[in-house]
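Remarks on the structure that follows.
Whatever order the structure lists ligands and atoms in, that order sets their numbers, starting from 1.
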Amino acid sequence: MRRISIFGATGSIGQNTIDLIRRDAQAYDVAALSGGSNIALLAADAMELRADIAVTAFPDRLDDLKAALAGSGVEAAAGPAALLEAASRPADWVMSAIVGSAGLAPGLKALEQGAALALANKESLVCAGALLLETARRHNARILPVDSEHSAVFQGLVGEDMDAVERIIITASGGAFRDWPLEDLPEASLAQASSHPNWDMGQRITIDSASMFNKALEVIETREFFGVRPDQIEVLVHPESLVHALVGFRDGALMAHVGAPDMRHAIGYALNWPERKQLPVDRLDLARAGQLNFRAPDDTRYPALRLAYEVLERGGLMGAVFNAAKERALDHFIAGRCRFTDMAATVEEVMARMDAQSDLIDAAMTLDNVSQMDHLARQRADEVLMQKAG
Ligand code: NDP
Ligand code: MG
């Protein structure tokens with residue numbers, strides 16, 4: 001039996017992971033499940049999968065979780081320290097599917113105890129890629145990509161020599177507003193930004209797809225995962241979301257990964273790696289799909305992409321600044337306190353302000369320094385947005 005834990009179990013990726021586990025439940029021994037405010041779902045899944053412990057990230061929900069788990073034998077815990085304790089319990093495979101930089105510390109803990117870390121939480125690579133990779137190396141642990149594009153690239157690289165790789169192309173659907181007139185973007189509503197043309201995902205990543213911040217994070221994620229130079233990473237808008245990524249080799253060959261837009265493919269690949277096992281995903285009928293379209297992303301529509309390359313050029317802790325400013329700007333957009341287009345403008349302004357404090361940006365990449373930078377960038381984002389509003 002494989003011992004596994006799932007962090008962010010109540011979210012979109014977490015539930016897709018549980019769907020796969022449930023189909024072969026006797027093969028898995030579940031150590032920990034974590035969630036946030038969806039206590040009923042966390043408790044139900046923890047009891048069904050007979051987890052040792054269920055953890056909610058929010059301390060004020062501990063009593064609810066205890067009540068929901070009463071008599072089940074599943075331990076209940078809450079708060080960031082409890083998350084770390086759960087992540088330090090031995091496991092063979094850990095799913096990192098918390099949303100946001102809150103996923104970083106539990107991911108590091110899981111690597112420290114040598115687990116294979118299936119990484120959906122791209123934010124942790126963006127904030128602290130070098131720290132994550134170094135922690136994995138030191139503890140002889142594996143990080144397996146779960147983001148669909150990075151899983152696609154990872155699969156395209158099996159048996160290949162990295163020296164032969166010329167470029168990596170990740171595709172983007174273009175999000176909810178890819179065909180909107182530019183002048184309408186400032187007025188885009190939360191409901192409009194929260195509907196994705198092809199993928200069914202959590203609300204935050206769906207809005208990040210509309211703004212292309214998701215692809216911006218993925219450009220940085222590509223650099224960290226595969227160690228290629230920024231000029232080797234390209235983004236291609238592909239409205240059908242059937243080709244997830246392409247790897248270009250020095251002999252001119254382009255290897256594309258094609259499949260139905262269903263996260264259970266990438267999750268299942270990471271779960272079964274290095275084997276391929278049967279997965280419950282639609283088999284693509286390309287004759288029915290008929291057409292695959294591609295176009296270059298428009299820089300004016302998607303300023304977030306340019307910012308990602310600036311982050312890579314600047315290096316240091318700028319990734320943590322970029323991610324935190326984006327998370328905070330997104331909080332404000334969701335709360336109705338800023339316009340859709342204010343998000344990218346805010347992130348750009350926060351990056352400029354933090355860049356002026358180069359001693360901070362160039363500090364060593366430790367968890368403490370990354371957390372401090374995350375905190376500062378959120379404060380700056382609040383200031384910038386307050387000025388815009390006033
Ligand atoms: P969801 O919002 O659906 O789920 C997020 C999970 O994190 C939930 O379990 C939530 O708990 C929990 N959570 C929320 N806030 C905190 C916190 N502060 N501390 C700890 N846990 C918290 O997100 P997704 O599943 O869509 O995304 C998860 C990660 O995977 C993200 O990093 C995303 O970028 C990445 N990803 C997602 C894809 C997708 O298809 N959804 C595709 C590729 C990558 P609760 O809901 O109980 O409050
Ligand atoms: Mg993706």
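Looking at R337, R204, K326 one by one, the single match for side-chain hydrogen bond (donor to acceptor under 3.5 Å, both in side chains) with D331 turns out to be R204.
Hydrophobic clustering (ILVMFWY, side-chain heavy atoms < 4.5 Å, transitive): V126 and M201 are in one cluster. Note on L185 and L307: same hydrophobic cluster, where clusters join Ile, Leu, Val, Met, Phe, Trp and Tyr whose side-chain heavy atoms are under 4.5 Å apart, directly or indirectly. I4 and L41 fall into different hydrophobic clusters, where Ile, Leu, Val, Met, Phe, Trp and Tyr side chains are chained together by heavy-atom contacts under 4.5 Å.
If you look at E149 and ask which of its N, O or S atoms sits nearest the Mg ion (ligand 2), the answer is OE1.
Each of the atoms 32 (O) of ligand 1 lies under 4.0 Å from some heavy atom of N121. Of all the atoms in ligand 1, the ones that sit under 4.0 Å from a non-hydrogen atom of A120 are 30 (O), 32 (O), 35 (C), 36 (N), 44 (C).
Among all protein heavy atoms, the one lying closest to atom 14 (C) of ligand 1 is V99 CG1, 3.9 Å. Considering only non-hydrogen protein atoms, atom 34 (O) of ligand 1 sits nearest to K122 CE, 3.2 Å. With respect to atom 20 (C) of ligand 1, the closest heavy atom belonging to the protein is A57 CB, 3.3 Å. Of all protein heavy atoms, the one lying nearest to atom 43 (C) of ligand 1 is D147 OD1, 3.1 Å. When hydrogens are left out, the protein atom nearest atom 25 (O) of ligand 1 is I13 N, 2.9 Å; that is the closest non-hydrogen contact. For atom 15 (N) of ligand 1, the nearest protein heavy atom (residue, atom name, distance) is F58 CZ, 4.0 Å. Among all protein heavy atoms, the one lying closest to atom 11 (O) of ligand 1 is G36 N, 2.9 Å.
Considering both main-chain and side-chain atoms, G11 comes within under 3.5 Å of ligand 1 through a nitrogen or oxygen pair. Residue E123 has at least one nitrogen or oxygen atom sitting less than 3.5 Å from a nitrogen or oxygen atom of ligand 1, judged on distance alone. Backbone and side-chain nitrogen or oxygen atoms of G35 are examined, and none is located within less than 3.5 angstrom of a nitrogen or oxygen of ligand 1. Distances between N or O atoms of S12 and those of ligand 1 include at least one value under 3.5 Å. Inclusion of T10 in the set of residues having an N or O under 3.5 Å from an N or O of ligand 1 is warranted. The shortest N/O to N/O separation between M201 and ligand 1 does not fall below 3.5 Å. Considering backbone and side-chain N/O atoms, S37 comes within less than 3.5 Å of an N/O atom of ligand 1. Residue G202 has at least one N or O atom closer than 3.5 Å to an N or O atom of ligand 1.
Considering I98, I267, I205, N214 only, the shortest heavy-atom separation from atom 29 (C) of ligand 1 involves I98.
For the pair P106 and L84, the minimum side-chain heavy-atom distance is below 4.5 Å. Residues F333 and L190 form a side-chain contact, since some pair of their non-hydrogen atoms from C-beta on lies under 4.5 Å apart.
Atom CD of E275 sits in a sparse spot, with 12 or fewer heavy atoms from other residues, nucleotides or ligands closer than 6.0 Å. More than 12 heavy atoms of other residues, nucleotides or ligands sit less than 6.0 Å from atom NE2 of H139.
Ligand 1 lies less than 4.0 angstrom from a heavy atom belonging to A97.
When heavy-atom distances to ligand 1 are checked against a 4.0 Å cut-off, N38 comes that close through both its backbone and its side chain.
Geometry at the Mg ion (ligand 2): OD1/D147 and OE2/E218 form an angle of 90°, nearest 10 degrees.
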Please tabulate, one pair per line, all N/O donor-acceptor pairs under 3.5 Å involving side-chain atoms of residues 314-322, not counting sequence neighbours.
{"unit_1": "R314", "atom_1": "NE", "unit_2": "D355", "atom_2": "OD1", "d": "2.6"}
{"unit_1": "R314", "atom_1": "NH1", "unit_2": "D362", "atom_2": "OD1", "d": "3.1"}
{"unit_1": "R314", "atom_1": "NH2", "unit_2": "D362", "atom_2": "OD2", "d": "3.2"}

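Under 3.5 Å, the side chains of E218 and T222 contain no donor-acceptor pair of N or O atoms.
Taking the six-membered ring where the residue is Trp, the centroids of H265 and W199 are separated by 6.0 Å or more. Ring centers of F154 and F225: at least 6.0 Å apart, outside the cut-off.
Between K122 and D147 there is a salt bridge, since at least one side-chain N of the basic residue sits less than 4.0 Å from a carboxylate O of the acidic one.
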